[in-house]
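What you are looking at is a predicted structure, and each value in this text was computed from that prediction instead of being measured. In this chain, numbering begins with 1 at the start of the sequence shown.
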Amino acid sequence: MIIKERLYHDNRFFVGSLVIGVLSVVLFSLFIGTAFAFTLLGDREIHMGSSQPGDVTDYTVEFDVSTTGNLGGIVVTFCANTPTIGDPECETPANFDLTTALANLDAGDIDLTGYQAVTADYSSSGSGGDNTIILYSDAEYSLQDTGPAGGLIFHINGDTYYEAAPESWDGGSDPQLQWGCLDQSVSGADGLAIGDGVTNTAAIVDFHDDSSNFNGQDYYTYTGDYGDIGCHNFNNGEVAAKHVSEAEINSYDDWFLPSRNELDAMYSNLEEESLGGFVSAGYWSSSELWSSNAYIQDFSNGTIQYQNKANPYRVRPARAFTVASAQPASTGNTAIFDLVSVTNQDIQGTFYARIYTYEDPEHALGYTLEDPWAEGDVVDAGGVALSTAETIDITFQIPERLTFCVFTNELSDPGDFATCDGTTATPVSLGDDLGFLSPDEPSISKDAKYNIATNAPHGAMVRIRGSTLNSGSLSIDAIGDQLPGDGVATSSSPGTEQFGLCTYQHTDSVDDGILPLAPYNHANCEGATDGQGTGNDNGALFAFHESEIDSIYGHPIARKDHGDWSTGIIVFLANITAFTEPGVYTTTFDVVATGQY
């Protein structure tokens, strides 16, 4: 049996070319000290995501904090002209635009959570869009302010704020739901005070989630008479607290059913002021009175009552949150924040950023170009010079590579698994020392091997093409059923004419990248031992998909992933009967690898 070698070397080009990367060279400069007529108490840097004129890119502002008080506000103004003392003029860089910039806050050693950003046009030229961004601490809310989740603040307790859900939180007006199981008490759901809504809601949900409270039934989906599971036949599976706790409103999911006193604060501070879009009807609280009743509040007149738990009343979620005040900032700390989606000036050249820091957020908000100190002392001030420039594009090509060889010499050194150099392919012999097959024992050869490496993104396919063993017009049958189950993997059966193969990856491969394909991929293939009489299939299954292997392209036996060298072994099996005609049986196989780009 002769195996033809197919060898593709590293420098072989396939169809097409590949552009790998583009490198942009950014021109950036930073001036500190006398280059600006401002006092610089710490380093200032602004990193540009792109220096190309007109690009929409991101900037990162970074500076050392030089105050031991609160960092209440930061102002950054971009100007085309060099800033000097006594000359407050600022020309906005041509078509530079901060209009869509957002402040995404990150910090070194100080917590900037709770800050907000506004943009404005502080320029004398009036060209372009907003050129100034003010980052300020907005850590305080007042009653009836809009909270982070889009609802209204209805109660404040120190630094804890209580926010009602927006009026259309459930897609329309407030839904009408039952409180829960009538005739059973919920332990831990009797809190009345402000602050008890969270624990009440958790207790109600935990109780109704526990099927052991309902004779092993799911309370929410039960379809029978609720009187049979310890509740009342008026119940229908609705639980107001459950519905509220599962709500996600404007990306917030920490909602609860308000306690009796929280609901009263919601009524007094919102509904009585005609705020919040409430319905003039009863609203459930999370406060239970006893097994049959819980508290509601009538939002048409404010009266607090208790009602049957199975009655449907309106529901409005609440949430509680805390915010930090302006954070103490120690000298030497670093503050960092990002400006997202800034439009660069659309010409090449230098422009400048003026940076101011304030302890009081109101002073930052009172910033004016003419007098940055008007609202109070500036803690620190400085500047940065930046530059826009066209990019330099560097383009290079990497050729497609596939290195593949088929050989029969022994693998005796670790280096044999990472090369095709020095490999040779000689005829593979099946049978005993004289090349004779026996009907009593299988003949197995593991001499055929292949090494393969490729940079193809989708790896490479290894195919085999040829025919079964032939001697003139005589042939050995291909192993396995050929019709209708063409190429079925089959066990060795001495005394039966069979010719087939299987393949596996050698355990010493440099890269674990060969995936044998069905029907040649039986798990025991590696365990087969070669020889005539001493050969052992070890339970391996062999296949020979005759119609495919004998086709123009052959049949895939393995796939190689993108990567370094892998080594595969092809195991051949031959069996004959006592009546197989004598002759010299041979076949020739082409083993071909093709890259998948």
Side-chain angles (χ1 to χ4, degrees), residues 3-23 393-407 411 414-421 423 425 446 448-466 486-489 500-526 540-572 589-597:
I3 295 179
K4 288 185 179 178
E5 179 183 12
R6 289 291 182 266
L7 179 60
Y8 299 89
H9 288 291
D10 279 348
N11 293 325
R12 180 175 176 84
F13 279 72
F14 289 75
V15 177
S17 61
L18 182 64
V19 177
I20 293 300
V22 176
L23 173 66
D393 292 342
I394 300 177
T395 304
F396 56 94
Q397 294 180 326
I398 293 179
E400 299 86 348
R401 290 187 175 93
L402 170 64
T403 308
F404 178 67
C405 55
V406 178
F407 57 98
L411 295 164
D416 294 340
F417 295 93
T419 184
C420 279
D421 296 337
T423 59
K446 300 176 74 171
K449 311 168 187 74
Y450 54 92
N451 281 348
I452 182 170
T454 183
N455 70 349
H458 301 290
M461 191 69 71
V462 179
R463 295 173 176 267
I464 192 165
R465 181 178 63 190
D486 201 1
V488 176
L501 62 100
C502 62
T503 188
Y504 66 92
Q505 176 178 271
H506 197 287
T507 55
D508 292 331
S509 288
V510 175
D511 179 56
D512 186 20
I514 290 180
L515 177 67
L517 302 176
Y520 310 103
N521 61 343
H522 193 262
N524 291 344
C525 185
E526 182 175 0
L541 302 184
F542 300 84
F544 196 93
H545 200 310
E546 192 166 21
S547 62
E548 291 291 339
I549 289 180
D550 202 22
S551 67
I552 188 171
Y553 298 114
H555 198 212
I557 62 170
R559 190 175 74 82
K560 158 66 178 165
D561 290 337
H562 164 275
D564 207 348
W565 291 96
S566 298
T567 300
I569 307 295
I570 303 174
V571 182
F572 289 99
F589 283 110
D590 291 327
V591 185
V592 180
T594 54
Q596 297 178 307
Y597 294 92

If only atom types and distance count, is the side chain of Asp564 paired as donor or acceptor with the main-chain N or O of Gly513 below 3.5 Å?
no
Side chain of Arg465, backbone of Ile552: donor and acceptor closer than 3.5 Å?
yes
Mind checking the OH-CD1 spacing from Tyr450 to Ile570? Nearest 0.5 Å is all I need.
6.0 Å
Ser566 (side chain) donor-acceptor with Asp512 (main chain) under 3.5 angstrom
no
Once rounded to the nearest 0.5 Å, what's the spacing between atom OG1 of Thr403 and atom CH2 of Trp565?
4.5 Å
What pair of heavy atoms forms the shortest contact from Thr454 to Lys560, and how long is it?
CG2-CG, 4.3 Å
To the nearest 0.5 angstrom, please state how far the OG1 atom of Thr503 sits from the CD atom of Glu526.
10.5 Å
How about Phe404 and Thr594: do any of their side-chain heavy atoms sit closer than 4.5 Å?
no
Lys449: salt bridge (charged side-chain N to carboxylate O under 4.0 Å, His left out) partners, not counting sequence neighbours
none
Search all heavy atoms of Ala543 against all heavy atoms of Ala489 and return the closest pair with its distance.
CB-CA, 4.0 Å
Over all atoms of both residues, closest heavy-atom pair of Cys525 and Val571:
SG-CG2, 3.7 Å
Would you please classify the geometry between the Tyr520 ring and the His555 ring as parallel, tilted or perpendicular, with 30° and 60° separating the classes?
perpendicular
One pair to check against side-chain contact (heavy atoms from CB on, under 4.5 Å): Leu402 and Ile452. What are the steps and the verdict?
CA-CA 7 Å; Leu402 170 64; Ile452 182 170; 3.9 Å; yes
If you compare all heavy atoms of Pro457 against all heavy atoms of Tyr597, which two are closest, and at what distance to 0.1 Å?
CD-CD2, 3.5 Å
Please lay out, stage by stage, how Leu515 and Asp561 fare under the test side-chain contact (heavy atoms from CB on, under 4.5 Å).
CA-CA 8 Å; Leu515 177 67; Asp561 290 337; 5.7 Å; no
First locate atom CD1 of Ile557, then atom CZ of Phe589, and finally report the distance between them rounded to the nearest 0.5 Å.
9.5 Å
Asp550 meets the salt bridge (charged side-chain N to carboxylate O under 4.0 Å, His left out) criterion, sequence neighbours left out, with none
Please check this pair: side chain of Ser509 against backbone of Thr567, looking for a donor-acceptor N/O pair closer than 3.5 Å.
yes
Measuring only between side-chain heavy atoms, which start at C-beta, is Tyr553 closer than 4.5 Å to Asp590?
no
dist Ile514:CD1 -> Gln505:CD (nearest 0.5 Å) comes out at 5.0 Å
Testing the basics here: between Ala425 and Val406, what is the closest heavy-atom pair and its distance to 0.1 Å?
CB-O, 3.8 Å
I'd like to know whether Phe417 forms a side-chain contact (heavy atoms from CB on, under 4.5 Å) with Asp511, so could you lay out the CA-CA distance, the side-chain angles of the two residues, the decisive distance to 0.1 Å, and finally the verdict.
CA-CA 9 Å; Phe417 295 93; Asp511 179 56; over 6 Å; no
Could you tell me whether the side chain of Asn451 and the main chain of Cys405 form a donor-acceptor pair under 3.5 Å?
no
Enter the distance from Asp416:CG to Asp508:CG here, rounded to the nearest 0.5 Å.
10.5 Å
